[in-house]
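Data block below; observations after.
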Amino acid sequence: KNNTTGEDVAVKTEIFAVYDRDNFYIAGRVHEPGKAVFPPERVPRDGEIYSYDSIEVYLCTDQEGFDEAGVAKLDQHHIFMINARGEFYDAYKSTGDRHAERKVNFDVAYKVKPMGNGFQFEMALPHKAIHALVPEPGDFWYVNFYRNRPREDGSARYHAFAPTGL
């Protein structure tokens, strides 16, 4: 369902998330009735996959020293993206930075598996690798998921779990 209007969506995307003491896990099924749109050539890690069919995850975690330094959780975020070819992008935007830093390569695990014209994906984000405190009962993190689906038929290009209005 469209989380803004409640109407059925034309193309389904399913996202699952869970955590344990070691990792934050994200998995999903990206359904696609037509042909997926890929970059014309293979893309290296942290390359421009967001202009093509892909999933984006924005994650604001609790981090060591934030409370003491007076840093708000929303002042920073991690970005993880993946497409059906398994091309991966990770970046981090910290307080005061205008743009996310692409030169970080977090030690995370990810996989993709074709599913018709779409794909399934899994990511394991170790708390230690992304410098996050292990969540305790009552803690919360902010997360948003985007599906990039560029089409020339005039349909929506970006689909967000929680639209930001930007």
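What you see is a predicted model, and the numbers here were worked out from it, not measured in a lab.
- The shortest distance between side-chain heavy atoms of E32 and R147 falls below 4.5 Å.
- Residues R45 and N105 approach most closely at NE-OD1, 3.1 Å, considering heavy atoms.
- A salt bridge links E136 with R21: the distance from a Lys NZ or Arg NE/NH1/NH2 to an Asp or Glu carboxylate oxygen falls below 4.0 Å.
- Connection of V112 to F145 is established within a shared hydrophobic cluster, with ILVMFWY side chains joined at heavy-atom distances below 4.5 Å, either directly or through further cluster members.
- Expressed to the nearest 0.5 Å, how far CZ of R42 lies from CD1 of I49 amounts to 10.5 Å.
- Pairing each heavy atom of A91 with each of V104, the nearest pair is CA-CG2, 3.7 Å.
- Side-chain atoms of D46 come within 3.5 Å of backbone atoms of D90 as a donor-acceptor pair (strictly under, hydrogens ignored).
- Enclosure of atom CD in E14 by more than 12 non-hydrogen atoms of other residues, nucleotides or ligands within 6.0 angstrom is indicated.
- With H77 contributing its side chain and V143 its backbone, the two residues share no donor-acceptor pair below 3.5 Å.
- The aromatic rings of Y146 and Y58 sit perpendicular to each other, their planes meeting at more than 60°, with 30° as the lower class boundary.
- Under the 4.5 Å side-chain heavy-atom criterion for ILVMFWY residues, a single connected hydrophobic cluster contains both Y110 and F106.
- Considering all non-hydrogen atoms of both residues, V30 and M115 come closest at O-CE, 3.6 Å.
- Cluster annotation: M123 is not connected to V134 through the hydrophobic network of ILVMFWY side chains, with a link wherever side-chain heavy atoms come within less than 4.5 Å.
- Just one of F121, F80, F16 meets the side chain to side chain contact (heavy atoms under 4.5 Å, CB included) condition when paired with I26; it is F121.
- Side chain of N148 to backbone of S51: no donor-acceptor contact under 3.5 angstrom is found.
- Atom CZ of R149 is separated from atom NE2 of H31 by 12.0 Å, given to the nearest 0.5 angstrom.
- Between A17 and F24, the shortest heavy-atom contact is CB-CZ, 4.0 Å.
- The hydrophobic clustering, which links ILVMFWY residues whose side-chain heavy atoms are closer than 4.5 Å, places F38 and V43 apart.
- Taken to the nearest 0.5 Å, the CG atom of D22 stands 12.5 Å off from the CG atom of L125.
- S54 is not listed as a side-chain neighbour of I82, based on a closest heavy-atom distance of 4.5 Å or more.
- There is no path of hydrophobic side-chain contacts, each under 4.5 Å, that joins I15 to V11.
- Residues D139 and L133 form no side-chain contact, since every pair of their non-hydrogen atoms from C-beta on lies 4.5 Å or further apart.
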**Request:** Take W141 and Y19, measure what ring-ring contact (aromatic ring centres under 6.0 Å, His included) needs, and give me the verdict at the end.
**Result:** CA-CA 11 Å; W141 289 358; Y19 72 94; 7.1 Å; no
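- Of all non-hydrogen atoms in G47 and Y89, the two that sit nearest each other are O-CD1, 3.5 Å.
- Looking only at side-chain heavy atoms (C-beta outward), Y52 and P40 come within less than 4.5 Å of each other.
- Taking NZ of K113 as the reference point, atom CZ of F119 lies at 14.0 Å (rounded to 0.5 Å).
- The main-chain N or O of A132 is never found under 3.5 Å from a side-chain atom of T61 such that the two would form a donor-acceptor pair.
- Counting only distance, with no hydrogens or angles, the side chain of N83 and the backbone of R85 share a donor-acceptor pair below 3.5 Å.
- Between the CD atom of Q120 and the CZ atom of R29 there is a distance of 6.0 Å, given to the nearest 0.5 Å.
- H127 approaches D20 most closely through the heavy-atom pair NE2-O, 2.9 Å.
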